[in-house]
Amino acid sequence: MLDLSFLRKNFDHVQERLQVRGAAASLGRFQEVDQQRRAAVTEIENLKARRNALSAEVAKAKRAGEDADEPMQKSREIGRQIKNLEDNVKALDEALAEILHGVPNLPHESVPVGSEADNEETRRAGKQRDFDFKPQAHWDLAPELGILDFEQAAKITGARFAVYWNAGAKLERALMNFMLDVHTREHGYTEVLPPFVVNSASLFGTGQLPKFAEDLFKLENTDYWLVPTAEVPLTNLLGDNTIDINRLPIKLTAFTPCFRSEAGSYGRDVRGIIRQHQFQKVELVKFVLPENSYDELESLTRDAEDILDRLDLPYRTVVLATGDLGFSSAKTYDIEVWLPGMNEFKEISSCSNFESFQSRRAKIRYRDPAVKKGKSQLVHTLNGSGLAIGRTWVAIIENHQQKDGTVVIPQALRPYLDAERILPGGNLE
RNA sequence: GGAGAGGUGGCUGAGUGGUCGAAAGCAGCGGUUUGCUAAACCGUCGUAGGGGCAAUAACCUCUACCGAGGGUUCGAAUCCCUCCCUCUCCGCCA
């Protein structure tokens, strides 16, 4: 959410910045509604001031044992006027909120202008292997190895779910532990295990609601939703809070499953486990001082890339162009891992700086006693996948597959599996 | 699931219809004093929105906020209704 007074004072500038991300229309009738609302609010407040004065008169008269019919009569009349106006303001409030909640964040000036085609590669690392055989896609190789099964998942649940067997399940668990260990022991994140179910207020705080409800799973007859990402519980963990400046930056990491309805993506990534209704992820979230947030975005992205480096997985990092940015983000790096079986780079992490877009919604502030009389200010929030475990699983299977149909486990992961290789039949060796 | 007790500022906690944005204490901030640590004393101390005003400074002023939302009333922290949350006991359960 953008700052209301900033928006008022810099309307043309905001309009311009929204234009470059293809959201110029999102402001709608903002100015008109805002003006009407302010006029009505001022009128109500004036009436309330008069009513309060009259109430004081009533109180005074009654204490003195005098008659108070006249001010009571006047006050009652004003009360009626206020009631009428309040209905009007309520409607205008709702209209304004609807507009404001639907306006995406403004792109940072360093973000390339354009569409997805204008995303710019900022880094490339790891060596893409030369295969002396045709590498298989994971949706062929993994079921062949007996570590991944779609038919039984379809039976017990439905499409876009998978069952992991044997070494497949262990690999997923090993990746979870490996990622959490690296981030907590070496990158300075604090591990959290949050609820996998959140309420509407939390989803509003991070920006999924009200606009993207159709992407989520909601539990029937409740205000509960399955988390689409740990970003939601982690970011809202500090919601409605004023943080002491000495505690910043706060860096959190969590493992959670993530649930997404994938409405509107029916034709895409239908094979394999690239796009599932449930996948596991280790998430990184930071709360930082505004002046540091872009440095923090760089280091957060490095923290995510480090996992790929350690797993000998080739990748490239791209900065998303304005038109490809997510709703809440001011700047995003996508990390894309190389998948030789699928023969393409595939997003495995998305690292974003939301500036104050989320903290304004979720009310996450900090106080600096040295500045502005210690008035509280909004923190900047960031997050990124560190990493999506399912896609990392795919990357390991596809990149480290051997001609004989086995998969070599990367060195860094061996202590977690106590094995070097996945054999046909889904066993470890 | 059943019974009961509660939710008030950064914290503790008073307040059952008007003079309450809210006592008191603690913490914080500014100062005075004592040779240090520490203490004592004085002062100050919520948030948000609008207007004065051109200003994201100061000041003045109005409005709102005592878990959330409705209602009663000239007037609500206080009375009524609904919901949420916390605690205690019982039941059930991993």
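To find a chain, count down the sequence lines: A is the first, B the second, and so on, and within it residues start at 1. Keep in mind that the numbers below use all heavy atoms, side chains included, and drop hydrogens, waters and symmetry copies. Here the structure is a predicted model, which is why all the values come from computation and not from measurement.
Between A:His101 and A:Phe204, the angle of the ring planes goes over 60°, which puts this pair in the perpendicular group of the 30/60° scheme. The aromatic rings of A:His187 and A:His183 sit tilted, their planes meeting at an angle between 30° and 60°.
In this structure, a donor-acceptor pair under 3.5 Å is present between the side chains of A:Asp334 and A:Ser350. For the residue pair A:Arg38/A:Gln35, the side-chain donor-acceptor check at 3.5 Å is not satisfied. A donor atom on one side chain and an acceptor atom on the other are not found under 3.5 Å apart for A:Ser55 and A:Asn52. No side-chain donor-acceptor contact under 3.5 Å links A:Asn353 and A:His108.
When the P atom is used for both B:A5 and B:A77, the distance is 24 Å, rounded to whole Å. Taking the P atom of each, B:G46 and B:C29 are spaced 15 Å apart, rounded to whole Å. Atom P of B:A57 sits at a distance of 14 Å from the matching atom of B:U47, rounded to the whole Å. For the C1' atom pair drawn from B:U86 and B:G67, the interatomic distance equals 10 Å after rounding to whole Å. Annotation: B:C62 and B:C26 have their C1' atoms spaced 33 Å apart (nearest Å). For the C1' atoms, the distance from B:U8 to B:A68 is 15 Å, rounded to whole Å. Atom name C1', nucleotides B:U78 and B:A14: the rounded distance is 13 Å, in whole Å. When the C1' atom is compared between B:C53 and B:U72, the two are found 41 Å apart, to the nearest whole Å.
Going from atom CG of A:Leu7 over to atom C1' of B:G49 covers 16 Å, rounded to whole Å. Residue A:Asp240 contributes atom CG, which lies 12 Å from atom C1' of B:U47 at whole-angstrom precision. One atom, CD1 of A:Ile44, and another, P of B:C65, lie 13 Å apart when rounded to the nearest Å. Atom CD1 in A:Ile82 sits about 13 Å away from atom C1' in B:C62, given to the nearest Å. Atoms CG (A:Leu378) and C1' (B:U47) sit 13 Å apart, rounded to a whole Å. Between the CD atom of A:Gln73 and the P atom of B:G75 there is a distance of 12 Å, rounded to whole Å. The distance from atom CG of A:Leu47 to atom P of B:G50 is 19 Å, rounded to the nearest whole Å. Between the P atom of B:G50 and the CD atom of A:Gln36 lies a distance of 17 Å, rounded to the nearest Å.
For B:A77, there is no paired base (Watson-Crick or G-U wobble, both distances below 3.5 Å). When both pairing distances are held under 3.5 Å, B:A54 makes no Watson-Crick or G-U pair with any nucleotide shown. In this entry B:U82 has B:A68 as its Watson-Crick or G-U wobble partner, both defining distances falling under 3.5 Å. With a cut-off of 3.5 Å on both Watson-Crick or G-U wobble distances, the partner of B:C89 is given as B:G2. Summarising the base pairing, B:U19 is matched to no nucleotide, lacking a Watson-Crick or G-U wobble pair whose two defining distances lie under 3.5 Å. Pairing for B:A24 is with B:U12, a Watson-Crick or G-U wobble pair whose two hydrogen-bonding atom distances lie under 3.5 Å. The base-pairing partner of B:U37, taking Watson-Crick or G-U wobble contacts with both distances under 3.5 Å, does not exist among the strands shown. Across all strands shown, B:A48 forms a Watson-Crick or G-U wobble pair, both distances under 3.5 Å, with B:U63.
Under 4.0 Å is where a charged nitrogen must lie from a carboxylate oxygen, and between A:Glu86 and A:Lys90 no such pair does. A salt bridge between A:Asp87 and A:Lys83 is absent, with no side-chain N of the basic residue lying under 4.0 Å from a carboxylate O of the acidic one. Salt bridge status for A:Glu262 with A:Arg160: absent, with no side-chain N to carboxylate O gap under 4.0 Å.
Residue contacts for A:Asp223: at a heavy-atom cut-off of 4.0 Å it reaches no nucleic acid atom on any strand shown. Using a 4.0 Å heavy-atom distance criterion, A:Arg80 is classed as making no nucleic acid contact.
In this structure, A:Arg8 reaches the B:G50 phosphate: one of its side-chain N or O atoms is under 4.0 Å from OP1 or OP2. Taking 4.0 angstrom as the limit, A:Arg51 places a side-chain polar atom (N or O) nearer than this to OP1 or OP2 of B:G75. Side-chain nitrogen and oxygen atoms of A:Asn52 include at least one within less than 4.0 Å of the OP1 or OP2 phosphate oxygen of B:A64. Put simply, A:Arg50 has no side-chain N or O that comes within less than 4.0 Å of OP1 or OP2 on B:C62. For A:Asn46 and B:U63, the shortest distance from a side-chain N or O to OP1 or OP2 is not below 4.0 Å.
Residue A:Lys90 places its side chain closer to B:G70 than to any other of B:G51, B:U72, B:G70. Minimum atom distance to the side chain of A:Ala49 is reached by B:U63, of the listed B:A48, B:U63, B:G50.
Sorted pairs that involve residues 197-210 of chain A and meet salt bridge (charged side-chain N to carboxylate O under 4.0 Å, His left out), not counting sequence neighbours, are lacking altogether. Sequence neighbours left out, not one pair with a member in residues 220-249 of chain A passes ring pair (Phe, Tyr, Trp, His ring centres under 6.0 Å).
The side-chain hydrogen bond (donor to acceptor under 3.5 Å, both in side chains) check on A:Glu77 picks up A:Arg80, with sequence neighbours excluded. A:His380 meets the ring-ring contact (aromatic ring centres under 6.0 Å, His included) test with no other residue; sequence neighbours excluded.
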Between the protein and nucleotides 17-20 of chain B, are there any N/O to N/O pairs under 3.5 Å, and if so, what are the atom names and distances?
| from | atom 1 | to | atom 2 | distance (Å) |
| --- | --- | --- | --- | --- |
| B:G18 | O2' | A:Arg63 | NH1 | 3.3 |
| B:G18 | N2 | A:Ser55 | O | 3.2 |

Give each protein N/O atom lying under 3.5 Å from an N/O atom of nucleotides 82-85 of chain B, with the pair distance.
none

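Remark on RNA chain B: of its neighbouring residues A:Arg76 and A:Leu4, the 5'-side contact belongs to A:Leu4, judged by nearest-heavy-atom nucleotide. Positionally, the nearest nucleotide of RNA chain B for A:Asp3 lies more toward the 5' end than for the other of A:Lys9 and A:Asp3.
At a cut-off of 3.5 angstrom, counting only N and O atoms as typed in the model, there is a donor on one side and an acceptor on the other between the side-chain of A:Glu45 and the base of B:G49.
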